[in-house]
Amino acid sequence: MKQPKSLTREQYLKQFSRAVRWRLPPQESEEAIADYRELILLEERDETRLVEELGEPVQAAHLLTDVRTYRRWLKVFAVLAFGLFLIVEWVWTGRYSLTFAALRAWWYPVLVMAAGLPLSLYWFRRHGQKNGPLPRRLALLLAAVFLFGAGTLAWNWYVLSPRFLDFYRETYPVIPWQIIFHRELTINGGIVCTLLAFAGLVLAKCYDRRWLALYTLALTVAVLCSFILFHMRRMDLSYAMANSVQTYLFTRLIPIGAAGLIGTGVALC
């Protein structure tokens, strides 16, 4: 018979804490961690028999779980995570495996955002919990994502200007470095922001619901990147298009960005 793996007190408590924070509501998880900390730190407790006496950390967390509530959370998380997966696919490949009604492809990421923002805000405002002051790492990440998003929009304003598009049309099929940089900036930045959005979801569930602000802001920037990429890959370089694409695109990008900033503010409250 296989012997249970021996864990130190610190290892057991760390694994147990992660498991209950993922499975239980915030207040209940903190109470469970406090109770198990007392059990684990008893002087008469034999450290080598922790797993034998208390069970595996994940198993112990499972015994404390309200299955119905946990399954409801898993469904919410699956919907939000699937939306992020779709955005990564769209940003990386420029193709789409799912078709949404008769909408043009560049509106697909907006649909993900339209579903993800209200669902996540509703869930975490109702079931999440704030713990102490705003985490410093969260503030730094939000600033970094915001600056990247603003920089990406500024660079798009430049490369989509009629003057630059005229230059691009004259040099085509030679591709200027500005376009290559734009493509790499938008693709890689969109993927990184999507991964940050995923991390924000996990941290909001396990530690502080205000980490949801990272999800909302990073999701917004990723959606802007994918929206731009879909347009750029299908852009007509005719004279009429070159003189209108900048205005056409930014009259749509600005409302999307504004909605994301409002959602970020709500997530921080």
Side-chain angles (χ1 to χ4, degrees), residues 80-81 83-88 90-92 106-125 128 130-161 178 181-232 246-247 249-269:
L80 299 176
L84 295 176
F85 168 78
L86 289 177
I87 291 178
V88 168
W90 295 332
V91 170
W92 180 250
W106 47 75
W107 289 109
Y108 291 0
V110 181
L111 289 181
V112 172
M113 182 174 168
L117 283 187
L119 176 60
S120 61
L121 289 170
Y122 168 79
W123 177 268
F124 284 99
R125 295 281 294 183
K130 294 193 290 185
N131 297 314
L134 184 71
R136 185 170 180 268
R137 286 184 298 174
L138 172 58
L140 292 174
L141 284 170
L142 288 176
V145 173
F146 177 81
L147 290 174
F148 171 79
T152 300
L153 289 179
W155 190 255
N156 273 274
W157 181 264
Y158 165 65
V159 298
L160 295 175
S161 64
Q178 293 95 328
F181 177 73
H182 166 271
R183 182 185 62 197
E184 296 301 318
L185 178 73
T186 311
I187 292 174
N188 295 311
I191 292 173
V192 170
C193 284
T194 307
L195 295 176
L196 286 174
F198 183 83
L201 275 180
V202 175
L203 292 170
K205 178 65 176 72
C206 295
Y207 296 100
D208 188 317
R209 71 170 172 80
R210 287 172 295 184
W211 278 100
L212 184 65
L214 180 61
Y215 166 80
T216 57
L217 186 59
L219 172 66
T220 302
V221 176
V223 166
L224 292 175
C225 288
S226 52
F227 191 91
I228 291 166
L229 283 168
F230 273 132
H231 267 283
M232 294 293 285
Q246 186 186 59
T247 302
L249 194 57
F250 273 81
T251 55
R252 288 151 179 80
L253 293 176
I254 290 174
I256 295 170
L261 289 176
I262 292 172
T264 302
V266 174
L268 288 172
C269 294

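Every pair passing side-chain hydrogen bond (donor to acceptor under 3.5 Å, both in side chains) that includes a residue from residues 258-269 is listed here, sequence neighbours excluded: Thr216-Thr264. Residue pairs meeting the side-chain hydrogen bond (donor to acceptor under 3.5 Å, both in side chains) criterion with at least one partner in residues 192-203, sequence neighbours excluded, do not occur; the list is empty.
Residues passing the side chain to side chain donor-acceptor pair (under 3.5 Å) test with Arg210, sequence neighbours excluded: Asp208. The side chain to side chain donor-acceptor pair (under 3.5 Å) check on Thr220 picks up nothing, with sequence neighbours excluded. When the side-chain contact (heavy atoms from CB on, under 4.5 Å) test is applied to Val192, the partners found at least two apart in sequence or on another chain are Leu196. For the side-chain contact (heavy atoms from CB on, under 4.5 Å) test, residues two or more places apart in sequence or in another chain that qualify with Arg137 are Trp211. Here Phe250 pairs with Trp157 under the ring-ring contact (aromatic ring centres under 6.0 Å, His included) rule; sequence neighbours left out. For Phe124, the ring-ring contact (aromatic ring centres under 6.0 Å, His included) partners two or more places apart in sequence, or in a different chain, are Trp73. Partners of Phe181 according to the ring-ring contact (aromatic ring centres under 6.0 Å, His included) rule, which considers only residues two or more places apart in sequence or in another chain, are Trp155. Applying the ring-ring contact (aromatic ring centres under 6.0 Å, His included) criterion to Phe198, with sequence neighbours excluded, gives Phe77.
A heavy-atom distance below 4.5 Å is not found between the side chains of Thr152 and Leu224. Using a 4.5 Å heavy-atom threshold, the side chains of Leu212 and Leu203 count as separate. Using a 4.5 Å heavy-atom threshold, the side chains of Leu268 and Leu138 count as touching. In this structure, Leu201 and Leu84 have side chains that are in contact, with non-hydrogen atoms separated by less than 4.5 Å.
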Tell me which donor-acceptor pairs under 3.5 Å the side chains of residues 143-150 have, and how far apart each pair is, sequence neighbours excluded?
none

Show me, pair by pair, the donor-acceptor contacts under 3.5 angstrom made by side chains of residues 109-123, not counting sequence neighbours?
from, atom 1, to, atom 2, distance (Å)
Ser120, OG, Gly116, O, 2.7
Ser120, OG, Leu117, O, 3.1
Tyr122, OH, Arg126, NH1, 2.3

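Interatomic distance, Ile191 CD1 to Cys225 SG, rounded to the nearest 0.5 Å: 10.0 Å. Taken from CG in Leu229 to CH2 in Trp92, the straight-line distance is 11.5 Å, to the nearest 0.5 Å. The line from CG of Leu214 to CG of Leu141 is 5.5 Å long, rounded to the nearest 0.5 Å.
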Before you tell me yes or no, could you show the steps for Phe227 and Leu253 under side chain to side chain contact (heavy atoms under 4.5 Å, CB included), namely the whole-Å CA-CA distance, both residues' side-chain angles and the distance that decides it to 0.1 Å? CA-CA 8 Å; Phe227 191 91; Leu253 293 176; 3.5 Å; yes
Would you please test Leu160 and Leu249 for side chain to side chain contact (heavy atoms under 4.5 Å, CB included) and show each step? CA-CA 9 Å; Leu160 295 175; Leu249 194 57; 3.2 Å; yes
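Residue Val91 comes nearest to Ser226 through the heavy atom pair CG2-CB, 3.6 Å, listed as atom of the first residue, atom of the second, then distance.
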